[in-house]
2 protein chains.
Amino acid sequence: MGQAQEQEFKQLLKEQYIYRETLALISWDMHTCLPKKGLEQRLETVGFLSEKLHELQTSSRMKELIELFKEDAADRVLQKSALECEKIYNKQCVIPAKEYKEYVMLRSKSEALWQEAREKSDFSLFQPYLEKIVEYNKRFANYWGYENHIYDALLGQYEPGITVKTLDEVFPKLRKELTTLLKKIQESKVEADSSPLYHYFSEQNQEALSLELINRIGYDLEAGRMDTSVHPYTFGISQSDVRITTRYNENDFQIAVFSALHEAGHGLYEQNFSESLKNTPLAEASSMGMHEAQALFWEGFIGRSKAFWETNADLLEKYAPAGIHTLSLEQIYHSLHAVKPSFIRVEADEVTYPLHIMIRYELEKGLLTGEIKAADLPQIWNEKMEEYLGIRPETDREGVLQDIHWASGDFGYFPSYTLGYIYASQLHSALSKTVDIEETVRQGQFSPIKQWFTKNVYQYGKMKKPLEIIEDLSGEQLNPDHFVHYLNKKYKKIYQF
Amino acid sequence: MGQAQEQEFKQLLKEQYIYRETLALISWDMHTCLPKKGLEQRLETVGFLSEKLHELQTSSRMKELIELFKEDAADRVLQKSALECEKIYNKQCVIPAKEYKEYVMLRSKSEALWQEAREKSDFSLFQPYLEKIVEYNKRFANYWGYENHIYDALLGQYEPGITVKTLDEVFPKLRKELTTLLKKIQESKVEADSSPLYHYFSEQNQEALSLELINRIGYDLEAGRMDTSVHPYTFGISQSDVRITTRYNENDFQIAVFSALHEAGHGLYEQNFSESLKNTPLAEASSMGMHEAQALFWEGFIGRSKAFWETNADLLEKYAPAGIHTLSLEQIYHSLHAVKPSFIRVEADEVTYPLHIMIRYELEKGLLTGEIKAADLPQIWNEKMEEYLGIRPETDREGVLQDIHWASGDFGYFPSYTLGYIYASQLHSALSKTVDIEETVRQGQFSPIKQWFTKNVYQYGKMKKPLEIIEDLSGEQLNPDHFVHYLNKKYKKIYQF
C-alpha cells in the first residue's frame, strides 16, 4: 500500500467515526433533552445522517480499501479496522436494498403491534408480525451465512466467536447449578428481603450519592456526565465524552444507585479504549456480552459487596435518610441480596436472571430452526417458566410479551446478557490472582482494579474478541464454573446452607 | 424548470438545513452539557460538518441551480431561497480559499491575543493583530463589493438594506435625543436605583419563575427548553426545537429573568417561522437587528412594563423572597429603570446602551476607511465616551478592549444592536394601533401580541428584509422617533421632569 491509500483509508474511517459520534450525541439528546415537538424533525435528521454513514460503509471504494488493508500485518489497527469494516460491509450489502427497506417498515409496524398486544395482554395480535419477522431473520441468516447452525449467523452479530455449540454445552450446565442454588435459598430459614432499604430518599440526594460513588470507582466526570432517562443507558459519543443515564424511585434508592454503577461500568470501558483506536471502528466494546460484563462487574461484584458499603458508609451517612444509614452493614448487605423468582426479566436478581435468558434463547433458536411455531410460544414460555423458576405467568403480558427484542427483530441478542455474567466472573477470578479485591475495595482503592481492567480489557476495544480476552488472561475458554462458584460462596454465607 | 431539477434543488436545500441543524445542536451541547475533555474531539466534528455544509453551499451544481431558480417567480419560497443561497455562495466563493484559511488562523490568534491584552489591560499587545484583521476585512469588503461606502459591504452581511448613508442620518439624531434625555434623568431629584431588588433569591426559584414567565408570554416549552450557560443565548436547532439559555445571580434575580425573557423573545421568533420555510435557508431571522428587536420587545417593552409585573404579581408571591414580593408595584417598576452611564456595554441600560454602540460604529467605520488608525483607538474611544456618556474609562480593559467582536473580525455587526431598539419601537407603534398593549398585558393576555408578531414578522423569516417588514406595517422607513418617544414618555413619568 502506498502512503496515499493509507491516508485515504484513514480519512474514510475518520468520517465514519464522526457520523457515528454525531448520531450518538443525537441519540443521547433524544433520550434526555429533546423537546416533544422536536422529535419528528430529529428523526429525519437521524435518517439522513445514518444514510450518509451507510453510504460511506458500503461504497465500492471502501470495498477496495478493505481488500487492500485486511491482509496488511504492518499496521495491526488498520488491518483489524479493515476486517471490522468488512463485517459491516457484508452485513449491510448482502441484503438486497428493497428487502431491507421492507424489513425496516415491517419492524416499525411490528413494534407498534407488540405494544398494543402487550397492553391488551393478547399474544395473538402480535403473532402474525412475529412470524414475518422470523421469516426475514431466517433469510438474513442465510445471506450472512453460517457453518453449523442458522442461529450462529445471528448470534455472531453480537457475540463474535460464540456459537450454538458452545451455548448448548454451557447453558444447561449453568441452569442445573442455578436451579439447585435457588432451591437452597428458597428452603433456607434466613429471609432476606429488601424492605429495610425502602425509605423516602430525595432524588437530589440520590443523585449526589450516585455521582460520588461513580467518581470514586473511577468513572471520569470530566469525560462524561450523568443525566436521567426512562431506561438507564450509556452513550459513548467519543471516548472523551461517554455519558450515562440513570433513573430514580424516591422510595427505593437501589434503582438509581445500581443503575448508575452499572452504566458507569459501561462508561469505564468506553472511556478507556486505547488512544490508538480513535477514529476507527475498533473504538467499541469487544462484544455486547463483554460490554455487559464490565457493567455487571462494577454493579454486582464490586457494588453489591460488603466491602463496598463499608468503605462508602460516609456517603450513606451524608446523603441517606436515617432509616437507611443507621442500618448495620450486615443488614444492608442482606437487603441487597434478596433472591426470589419473578416474572419480569429486568427486575430479576442475579441468581434467577440467567434462567430468564435461557428460556428466551431456547425459544428463539427453536423459532429459527422451525422446531417451534410462533403460535405455541405462550404455552412453551409458561411451561419453561414453571420448569426453571417454579412460577407460571397468568397473562401474556407478564410472560411472552414482556420484551421488545423480538418485535424489533433482535434475534441472537439475549444470550449476551448471560454471557456478561460468565465473562465477568472469569475476569473476576483472573483479577483476584493479582489483586486482593475485597481488601482493596474496603480501603476504597479502586484504581488498581480500574488499571487492571484498562490493561487487560478496556484498552483493546474491538482489537480482541471476547474469548481472546478471556483466554489471554486465564488460558480458559468460556467457563461458567467461576460464576457458579462466586454465587454459591456468597449465597451460602447469606442464607446459611 | 423541470420537476427533476426542482426535486434536486429542494433536496440540496434540505441537506444544508440538516447540517445547520446538527451544528446548532452541537453548539447548544458545547455551551450547556459537553464534558471538559470532550471539547477537542467535538471541535474536529464541528470542522468536518462545517466543511460538508460549505461543500454543499459552494458546489458548481449549486451555482447552476441558483441561476435556474433565482428568476423563477412561480414558487416564491424557492426563488427567495435561491437568492439567499446566492448570497451565501458569493460570500464564501469570492474570497480565495488560501486567503480565507490564513484569515481563520489569524482570527484565532487575534482572539487569544485580545484575551491576553484585556487581562493585562494593554491595547498595544492587541494592536498589530487588529491592524491585520482590519486589512483582511477591507479586502473582503472589496471582494464582496459595495456601491457607496466600503463599510456597507460588511454592514450588509448582518443588516440587508441598511447602509452608512442611513446610519449617518439616524444615529446622530438619536444621539442628540438620548444625551438630552440622559441629562434630564441625571438632573432629576428622583433617584431610581435597583437595590430594593437585591435580595437572596434561590437559583431554583429563579428558574421556576423564569419558566412560568416565558410560558405565559407564549414561548413553547414543548418546542424548546431553558438551560444555563455563561452567556445567555438562543439556539434555533429547528423550528420545533428552539432552545434558550439563561444565567443566575442569586443576589440579583433581574439577570436571570430578563435574560430569559430576552432569549424567549428570540425563541418566539424562531418557533414561529412559516412551515413553508422548513428545510430552506429562509427559516432564519430577517436580520440580526430584527432578531434583536424581538428579544428587546419582550424583554423591554413588555417585560419591564408596569402592567407585566401587575399581572405576574402571583408569580413573584409564589417564588420571590418576601423582601421582593412585598415591594409595591411602583417600587418594583422604579427599581427596574435605574439609568446610569457606565463603562461596560453589556451592563448598560436602554437609554445609554445605544450610545455605546454609536462609538463602536464610528470607530470601525473610521478603521475601514483609514481615517482612524488602530494606534489611536484607545484615545478616541475615551474621548467619545466622555463626550457621549460623560465618563472616561481609566483602563483599556474597561474601554476599547471590552468586546471580542473586533478580535473575531465581526466588523459591521455592532449597529444591529441599536437597530434592534429602533425596529422594536417601530413595531411597538404599529402594534399599538390594533392592540391596547398595556391593557392586554395587564390582563395577562399575551396571545394577541404573539399572534400579531407571528402574522407580521415571525412567519416571514428571511422572506422579507427588515425594512420591508417595517414599511409593510407602517409605510415608514427606518425612523428613530418612535424609540425616542417611547423612552421620553416612560422616563418623564419615572423621573418627573
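Lettering of chains follows the sequences in order, A, B, ..., and the numbering in each one begins at 1. Here the structure is a predicted model, which is why all the values come from computation and not from measurement.
- With a threshold of 4.5 angstrom between heavy atoms, Asp220(B) approaches chain A through side-chain atoms but not through N, CA, C or O.
- Both the backbone and the side chain of Glu222(B) come within less than 4.5 Å of a heavy atom of chain A.
- Atom CZ of residue Arg42(A) and atom CD1 of residue Ile18(B) lie 10.5 Å apart, to the nearest 0.5 angstrom.
- Of the atoms belonging to Arg243(B), it is side-chain heavy atoms, and not backbone ones, that fall under 4.5 Å from chain A.
- With a 6.0 Å radius and a threshold of 12 heavy atoms from other residues, nucleotides or ligands, Phe453(B) has its CZ atom above the threshold.
- A distance of 10.5 Å separates CZ in Phe48(A) from CD in Glu21(B), rounded to the nearest 0.5 Å.
- For Tyr100(B), the OH atom counts as loosely surrounded, since its 6.0 Å shell holds 12 or fewer non-hydrogen atoms of other residues, nucleotides or ligands.
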Worksheet item: How far apart are the C-alpha atoms of Asp29(A) and Leu25(B), what are their side-chain angles, what is the distance that settles it, and do they pass the side chain to side chain contact (heavy atoms under 4.5 Å, CB included) test?
Response: CA-CA 9 Å; Asp29(A) 186 66; Leu25(B) 175 64; 3.8 Å; yes
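- Surrounding CD of Gln204(A) are at most 12 heavy atoms belonging to other residues, nucleotides or ligands under 6.0 Å away.
- Inspection of the Ser240(B) and Gln41(A) side chains reveals no N or O donor paired with an N or O acceptor under 3.5 Å.
- The local environment of CZ in Phe446(B) is crowded, with over 12 non-hydrogen atoms from other residues, nucleotides or ligands closer than 6.0 Å.
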Worksheet item: Is there a side chain to side chain contact (heavy atoms under 4.5 Å, CB included) between Lys278(B) and Glu44(A) once you walk through the steps?
Response: CA-CA 12 Å; Lys278(B) 202 185 138 181; Glu44(A) 277 193 49; 3.4 Å; yes
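- Using a 4.5 Å cut-off between heavy atoms, Glu15(B) contacts chain A through both its backbone and its side chain.
- Nearest heavy-atom pair across Thr32(B) and Arg225(A) is O-NH1, 4.2 Å.
- Of all the listed residues (Val242(A), Thr45(A), Asn279(A)), the one sharing the greatest number of non-hydrogen pairs under 4.5 Å with chain B is Thr45(A).
- For chain A, the nearby part of Leu221(B) is the backbone; its heavy atoms alone come within less than 4.5 Å.
- Highest contact tally toward chain B, considering only Leu34(A), Leu49(A), Asp227(A), Ile26(A), is held by Leu34(A) [criterion: heavy-atom pairs under 4.5 Å].
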